[in-house]
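Here is how names work: the chains are called A, B, and so on, in the same order as the sequence lines, proteins then strands, and each is numbered from 1.
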Amino acid sequence: MDNIKAQVAEALNSLYGIDKENPAIQLQKTKKEFEGNLTLVVFPFLKASHKTPEATAAEIGEYLLKNSAEITGYNAVKGFLNLTVAGTSWVEKLNGIASDDKYGIKEAAADAPLIMIEYSSPNTNKPLHLGHVRNNLLGYSLAQILKAAGNRVIKTNIVNDRGIHICKSMLAWEKWGNGITPEKAGKKGDHLIGDFYVLFSNKYKEEVEALQAKGMSKEEAEAASPLMNEAREMLRRWEAGDEKVRSLWRTMNGWVYAGFDETYKRLGVDFDKIYYESETYLEGKEKVLEGLEKGVMYRKEDGSVWADLTEEGLDEKLLLRADGTSVYMTQDIGTAKLRFRDYPIDKMIYVVGNEQNYHFQVLSILLDKLGFAWGKGLVHFSYGMVELPEGKMKSREGTVVDADDLMDEMVETARATSSELGKLDGCAPEEIDKITTMIGMGALKYFILKVDPRKNMTFNPKESIDFNGNTGPFIQYTHARICSVLRKAAESGITLPAQADPATELSDKEVSLIQHIEAFKNIVGEAAATYSPALIANYTYDLVKEFNQFYHDYSILHEPDTAKRDLRLLLSANVAKVVKNGMNLLGIDVPERM
RNA sequence: GGUCGGGUAGCUCAGCUGGAUAGAGCAACAGCCUUCUAAGCUGUGGGUCAAGGGUUCGAAUCCCUUCCCGAUCACCA
């Protein structure tokens with residue numbers, strides 16, 4: 001396609017003296033209502049041609065027909081020049097794609113940009129929910145896409161393992177847990193800890209209500225609550241390094257991590273390096289004091305440290321409290337310091353919800369002022385909330401969708417559907433498990449990733465489990481279908497050719513499909529440049545949709561003309577390849593049968 | 001109120017670096033399995049692209065104004 005663009009540029013230059021690098025030279029895929037493969041919009045060149053749109057289009061078309069071996073026809077509709085490209089060119093493109101197993105996927109060079117992606121970032125006091133699922137899927141997919149575009153990528157996770165929230169769970173466990181463990185309870189550790197967190201909240205609420213009934217105001221009651229004071233005391237002891245508290249903390253966090261690991265594994269996400277806030281929160285303090293010396297920050301009379309961002313159109317920002325303890329922002333600076341020490345990062349991407357837009361705006365400025373090379377250009381990959389049809393998820397109202405439950409449900413539905421359709425009859429049980437897991441997880445992942453991350457999305461438990469239409473299973477199904485054809489071919493002794501004969505006659509649908517898979521390379525680049533898994537998702541869907549039309553209209557194995565048959569087989573195999581590679585960028589596996 | 005996102009079919013969403021008659025899926029209705037997997041394919045109906053103005057040969061897309069929804073503006077994380 002690039003060479004055809006060059007030929008068009010050559011034509012415009014020769015006819016009208018237009019600069020060959022003119023950005024207005026844009027070739028797009030011809031709409032299906034019109035004849036041709038590629039369309040040039042000629043309006044931008046009318047000033048140079050001094051002719052009507054029709055005459056200009058015809059003139060360029062005529063020139064290309066004469067001077068280009070690849071252009072075999074043209075038609076001009078209004079200001080649109082539709083070009084037909086020779087079939088041999090298309091077959092050669094297909095052969096090129098076929099000879100590259102990882103078509104569209106670049107290897108990272110040793111000196112490629114090093115990008116660190118932070119995602120997931122859970123608190124250790126409760127299990128992961130639907131919002132985390134979106135975060136994890138986006139982060140992982142983004143990493144896959146950036147890698148495929150030739151970058152070196154480090155996936156990282158910052159675990160918020162310290163603070164009052166975990167003390168609440170610890171206290172509740174001490175008081176009412178009777179020494180229970182995940183093993184004894186037969187429960188994942190993160191869920192067990194989550195239960196104690198809820199228990200604390202309920203008991204605390206009871207206390208506050210009881211105190212209010214005795215005539216205290218809500219604020220007074222909250223301040224007087226013995227339970228909350230005990231939790232605060234526990235935090236103080238934690239900070240002081242009290243071994244008993246630390247030991248309990250380590251044990252309970254350990255339970256949570258074991259639970260998270262299970263969830264991560266099922267989700268198919270992983271990390272190259274995990275940071276813990278308990279290890280980074282003190283680092284920020286040091287960096288802030290350094291900034292204080294440099295005059296980037298200033299100290300108020302009460303001893304607190306601030307940054308003045310009014311020049312940047314923002315407010316003043318607190319970085320150290322009067323008692324010298326750090327706040328959220330300080331911790332993020334500390335984490336940044338460690339990361340920069342550990343890796344020569346060129347770019348840092350934070351996958352964090354849009355409720356923290358302001359935080360990252362500030363963080364970017366502060367890191368820049370503190371001398372981090374990548375601070376100014378840090379990317380906050382901001383995504384919207386996941387809402388339920390009834391509205392937002394609220395833990396108080398018990399409408400939070402738990403990640404583990406959700407995955408169970410998706411896989412269970414996949415199993416039920418498969419069994420209903422009888423698709424996996426005769427498969428070994430382990431095989432059925434494997435495939436239904438792929439389908440259930442594929443449905444979930446695709447449903448979430450196909451949507452523009454910026455938007456709040458509605459998660460309808462019923463619709464997201466739909467396996468028809470624009471869904472993960474539909475795409476997986478097409479892959480399985482192609483694999484089935486390839487199996488049948490092998491069974492009847494037809495070998496998949498490595499290359500197709502360039503003289504083979506092509507139908508419009510075949511040309512269109514070749515054009516489509518060829519575009520994968522550019523789509524990967526664009527998805528990386530715009531940080532958009534959704535682009536990959538929608539591209540793959542369109543490709544698969546088109547393949548199914550082709551599959552319906554043309555016979556592959558029963559085609560009597562062996563050159564055509566071989567080409568269709570090769571084309572199908574390469575559609576499957578691109579589908580697999582594309583879905584891999586979303587973290588979705590594709591089965592060979594379903 | 002300030003700042004940042006969003007508003008496209010009944011519902012969920014594409015399209016947004018300006019290009020031809022705004023696309024899918026779901027839902028509804030009507031068809032297609034002695035032939036490579038019907039989780040598929042084909043067709044019908046469904047739109048003031050929030051509203052108004054501007055720029056342009058051309059605007060869902062760019063600019064301005066207004067309206068609606070969300071987030072945020074903590075010595076919480």
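- Across all strands shown, A51(B) is found opposite U65(B) as a Watson-Crick or G-U wobble partner, with both distances under 3.5 Å.
- Base contact: Tyr328(A) has a heavy atom under 4.0 Å from a base atom.
- Under the 6.0 Å distance and 45° angle rule, Lys317(A) does not count as a cation-pi partner of Trp306(A).
- Taking atom C1' on both U55(B) and G18(B), the two are 11 Å apart, rounded to the nearest angstrom.
- Here C13(B) is the nucleotide among U42(B), C13(B), A77(B) with the atom lying nearest to any side-chain atom of Thr458(A).
- By the neighbour-count criterion of 12 heavy atoms within 6.0 Å, atom NZ of Lys580(A) is sparsely surrounded, having that number or fewer from other residues, nucleotides or ligands.
- Evaluation of atom-type donor-acceptor distances gives a pair under 3.5 Å for the side chain of Asp302(A) against the base of C75(B).
- Residue-to-nucleotide contacts include no donor-acceptor pair under 3.5 Å from the side chain of Thr471(A) to the base of A39(B).
- In this structure, Tyr554(A) and Tyr541(A) both approach RNA chain B, and ranking their closest nucleotides by distance from the 5' end singles out Tyr541(A).
- With A38(B), A39(B), A71(B) as the candidates, the nucleotide lying closest to the side chain of Asn354(A) is A71(B).
- Distances shorter than 4.0 Å separate some side-chain N or O of Lys455(A) from OP1 or OP2 on A14(B).
- Distances from the side chain of Lys392(A) to the nucleotides A14(B), G19(B), A71(B) place A71(B) closest.
- Checking A39(B), G19(B), A77(B) against the side-chain heavy atoms of Asn468(A) singles out A39(B) as nearest.
- An OP1 or OP2 oxygen of U21(B) is reached within less than 4.0 angstrom by a side-chain nitrogen or oxygen of Lys78(A).
- Interface remark: the Asp332(A) side chain does not form any donor-acceptor pair with the A77(B) base, using a distance-only criterion of under 3.5 Å.
- Between Glu233(A) and Arg236(A) a salt bridge is recorded (basic side-chain N to carboxylate O distance below 4.0 Å).
- Ring centers of Phe381(A) and Tyr350(A): at least 6.0 Å apart, outside the cut-off.
- Relative orientation of the Phe200(A) and Tyr204(A) rings is parallel, given thresholds of 30° and 60° on the angle between their planes.
- Take the nearest nucleotide of RNA chain B for Val544(A) and for Met329(A): the residue whose nucleotide is more 5' is Val544(A).
- Comparing C26(B) with U66(B), their P atoms sit 41 Å apart, to the nearest whole Å.
- Phe447(A) places its CZ atom 11 Å from the P atom of A14(B), with the value rounded to the nearest Å.
- Going from the C1' atom of G2(B) to that of G19(B) covers 38 Å, rounded to whole Å.
- Among the nucleotides U37(B), G19(B), U17(B), the one closest to the side chain of Tyr551(A) is U37(B).
- Base pairing of A28(B) is made with U44(B), judged by Watson-Crick or G-U wobble geometry with both donor-acceptor distances under 3.5 Å.
- Taking the C1' atoms as reference points, G7(B) lies 13 Å from C13(B), given to the whole Å.
- Donor-acceptor pairing under 3.5 Å, judged by distance alone, is absent between the side chain of Ser382(A) and the base of A71(B).
- Across the P atoms, A27(B) and C11(B) are found 16 Å apart, a figure rounded to whole Å.
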